[in-house]
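We're numbering straight along the sequence, starting at 1. Bear in mind that the values here come from a model prediction, so they are computed numbers and not experimental data. Excluded from the calculations below are hydrogen atoms, water molecules and symmetry mates; all remaining heavy atoms, backbone and side chain alike, are included.
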Amino acid sequence: MLIFRCIILCSVVFSSTWSCPDLDPCSCSSKPVLTIDCSDRKMFFHGQDNYNNFSKLQGLYIHELNLRNTNSILPPQIFVDLQIHKLDISENKNIENYKNILEIIDDSLEELNLKTASFLSQSVLKNLGRFKNLTFLSLEGNMLNMTILGDTFSNFHHLQNLDLSDNTLNYQMNSNPFDGLESLQVLHLKSTKISLDNTNSLCFLKNLTSLNVLNIDRNNGAGEIKVVPLFKGNNMFSLKRLSLCSNKIALFEHTAFQGIEQLEILDLSENLLRTVPLSVTSILFNLTHLNLSSNKIQYLSERTFTNLTKLQYLNLQRNKINSFPRYAFLGLGNSLQTLDLSSNKLIGGYFWVIGLMDLHSLLNLNISYNFIKHIQNDSFDTTAYLQVLDISGNPLIFTDTMFSGIEASLKKLFVKSVGMEHVPLIPLQTISELDDLDLSNNRLESLHSMFLTGVKAKHIYLQNMNISEISKLAFTGIKGPISIFLDDNNISSLRFLEESVSCFFSEISLRNNPIICDCTAFSISASGRHGHVIGKCINDDFVGKSINMISSVDKNLCEDLEVNSGWCSKTGKFISNIASLNNGYHAVLYLLLMYSTFILIS
């Protein structure tokens, strides 16, 4: 029996994350797997007690040990024979201490994070070579350069993910520290002062034939630039994903992407592009994702994307596009699923849909914050499969048939920040399969009786609108169960829940509301009729207490409160007030359920 209990203890303790420094592993003979997180804690081992607790880990296998930003004085001997899969000692400053730890730790280590580790030096880097099984290494933010790196990576034949961001890796003709990284798949070179207008700038990456992801964000500190061919002849045959964000790129040479024609995901966001680069649309025929957000693109030419027949995701958010011609998206009809045109400057107050007529596979469309007033009745006739539509932030004038064509397909609709004072019921009632309806950030300060009647949605968001009054019949006319999110309003009373049907609400979120926990709140909490109620009380008796918990705080608060019990037939959750149902059928069902429960228990 004692052995059995020990095994159970191990399976429970070591299957969860440990918090430091309460370390107390049991003495089972098998080697359990630990995850220990001591990050951002000031742990100084002055006393023998703390040292002894930590030393109990010796000889065990630790999946992850996180000592980020602890700046502790750790006795190196506790790391002797300590088998660790993943070690994070980033953002630490005790030079000699962590240098010694790296010299002692078992060389079976596979993942190592040394971000902003002030103790790094050439000798420390050289010693890293003994960790021949490393698959992940972060050296971000350590003021390294090509000379310091030297041949650091010569033994890292299994390394798959390397982060050298925030260092200085400007090209040097006779230096190539990346030789030997034949297994490298992911490389981060953000803010490393690489020049994108020098054809030799990426020569040190030559022959990284397994490289799949390359990030070169934030690498141009001068004015706007023109990108030259950087990849031609570098044998980067496996590169699928490339990010060139925030580089002040204004132009690309026509052959800029030669050598990586197999690219599938390209991020050119936060640059200075005024048109969609021809070097992209005439070479990268395998693209599935293209991000051109936060540039200065003013117009789309006819047949701009006609060669990108595999493109599924196109982001044109935060540009200066004021219109697009009839054949702007020609060629994308069978592939494009997500189109983001938000925060542009579509002129005239109308949503000009003629350019969308070829997008028969479109599932997700975002046209928010475009000064649109009118959406024509035939706007979505050619997008019959559309599932997600965001029209937020537009001064819309609602018409009864504005969602014509997508009534049966639309699953999520966002109508936030449109200045709405009344819910436009008729157009919303036409949507038959709606899951999420977000009406947040509008001007609905009170929810009147049946304000959403006939609207079919499972999750309704009414956040941040200064709502203070809610009618007891506000949600009449809606089919349950529903989740309602009323966060960041001015709701103080839960009386609107008193007469609602049992199990109608599966979740009610009332975060950041001035809820007064009185007898009404007590009744609702005790009954369990309303699913999960989220929110906290502000009155003195229960200040800071969760609404769900007040029924167990003071049962004498409302001595005359009568709570009848029962079971919700739909959710199986315990509810109250079932005795108030005057239908004889429900009463019989209740008795049968209680009888069955009694039989099972006995």
Side-chain angles (χ1 to χ4, degrees), residues 90-91 113-122 124-126 128 136-154 156 159 161-181 184-208 211-234 236 239 241-253 256-257 259-260 263 266-273 277 279 291 294-295:
S90 60
E91 302 178 39
N113 190 340
L114 294 172
K115 175 183 177 181
T116 323
S118 303
F119 56 86
L120 277 188
S121 63
Q122 224 168 353
V124 173
L125 288 172
K126 186 175 182 179
L128 293 181
F136 171 89
L137 175 63
S138 175
L139 297 173
E140 179 182 355
N142 281 292
M143 295 183 290
L144 304 176
N145 57 43
M146 292 290 196
T147 302
I148 295 176
L149 284 175
D151 61 351
T152 297
F153 310 124
S154 58
F156 291 168
L159 194 66
N161 192 318
L162 175 62
D163 193 339
L164 287 169
S165 302
D166 293 300
N167 288 292
T168 303
L169 301 180
N170 48 314
Y171 175 69
Q172 294 182 9
M173 186 65 70
N174 298 320
S175 178
N176 191 351
F178 294 86
D179 282 344
L181 295 178
L184 194 66
Q185 298 178 18
V186 180
L187 178 59
H188 292 278
L189 298 173
K190 294 182 293 183
S191 302
T192 48
K193 298 184 179 180
I194 293 173
S195 174
L196 302 181
D197 55 2
N198 184 336
T199 55
N200 293 321
S201 293
L202 297 182
C203 284
F204 63 92
L205 302 181
K206 190 172 184 177
N207 297 326
L208 294 182
L211 194 64
N212 187 268
V213 178
L214 177 60
N215 187 318
I216 323 180
D217 297 344
R218 302 194 305 270
N219 267 294
N220 183 51
E224 59 183 54
I225 62 167
K226 181 178 183 179
V227 178
V228 299
L230 295 167
F231 309 97
K232 189 176 181 179
N234 283 346
M236 303 170 74
L239 193 65
R241 183 168 188 162
L242 173 65
S243 185
L244 293 168
C245 299
S246 300
N247 280 303
K248 299 181 181 178
I249 300 171
L251 293 168
F252 285 89
E253 284 194 11
F257 294 104
I260 53 171
L263 202 67
L266 177 61
D267 192 340
L268 299 176
S269 60
E270 299 179 27
N271 280 295
L272 304 174
L273 298 170
S279 55
N291 189 347
S294 299
N295 276 279

Please find the pair of heavy atoms, one from Phe231 and one from Ala256, that lie closest to each other, and give the distance. CD1-O, 3.7 Å

Test your reading of the model: is there a side-chain donor-acceptor pair from Asn167 to the backbone of Asn142, 3.5 Å cut-off? yes

Taking all atoms of both residues into account, what is the closest heavy-atom pair of Lys226 and Asp197, and its distance? O-CB, 3.6 Å

For Ile260, run the side-chain contact (heavy atoms from CB on, under 4.5 Å) check against Leu239, Leu266, Leu230 and tell me which one passes. Leu239

Okay, side chain of Asn271, backbone of Asn247: is any donor-acceptor separation there less than 3.5 Å? yes

Can you find a heavy atom in the side chain of Leu139 that is under 4.5 Å from one in the side chain of Leu125? yes

Work out which heavy atom in Gly223 is nearest to a heavy atom in Lys248; give both atom names and the distance. O-CB, 4.1 Å

Under 4.5 Å between any side-chain heavy atoms of Ser279 and Glu253, yes or no? no

Side chains of Asn291 and Ser269: does their closest heavy-atom pair fall under 4.5 Å? yes

Qualifying residue, where the test is side-chain contact (heavy atoms from CB on, under 4.5 Å) with Leu162 and the options are Leu189, Leu211, Leu187: Leu187

Under 3.5 Å side-chain donor-acceptor pair for Thr192 and Asn219: yes

Non-hydrogen side-chain atoms of Phe156 and Leu184 separated by less than 4.5 Å: no

Any heavy-atom pair between the side chains of Leu242 and Ile216 that's under 4.5 Å? yes

Stepwise side chain to side chain contact (heavy atoms under 4.5 Å, CB included) check, Met146 with Leu169: CA-CA 6 Å; Met146 292 290 196; Leu169 301 180; 4.3 Å; yes

Where Asn295 and Glu270 come nearest, the two heavy atoms and their spacing: ND2-N, 4.1 Å

Classify the side-chain pair Arg218/Ser246 by whether it contains a donor and acceptor separated by less than 3.5 Å. no

Ile225 and Ile249: CA distance, side-chain angles, deciding distance, side chain to side chain contact (heavy atoms under 4.5 Å, CB included) verdict: CA-CA 5 Å; Ile225 62 167; Ile249 300 171; 4.3 Å; yes

Distance check, rounded to the nearest 0.5 Å: Arg241 atom CZ versus Asp267 atom CG? 8.0 Å

Atom CD of Glu224 and atom CG of Leu273: how far apart are they, to the nearest 0.5 Å? 10.0 Å

Rounded to the nearest 0.5 Å, what separates atom CG in Asn234 from atom SG in Cys203? 5.5 Å

Roughly how far apart are Ser201 OG and Ile194 CD1, rounded to 0.5 Å? 7.5 Å

Do the side chains of Leu244 and Val227 get nearer than 4.5 Å, heavy atoms only? no

Any heavy-atom pair between the side chains of Met236 and Leu202 that's under 4.5 Å? no

Value rounded to 0.5 Å, distance of CG in Asp179 from CG in Leu181: 8.0 Å

Atom pair CG/CD of Asn113 and Glu140 - distance to nearest 0.5 Å: 8.0 Å

Heavy-atom closest pair (Asp163 atom, Ser165 atom, distance to 0.1 Å) is OD1-OG, 2.8 Å

Any Leu208 side-chain heavy atom under 4.5 Å of Leu214 side chain: no

Taking every heavy atom of Ile148 against every heavy atom of Met143, the minimum-distance pair comes out as CD1-O, 4.0 Å

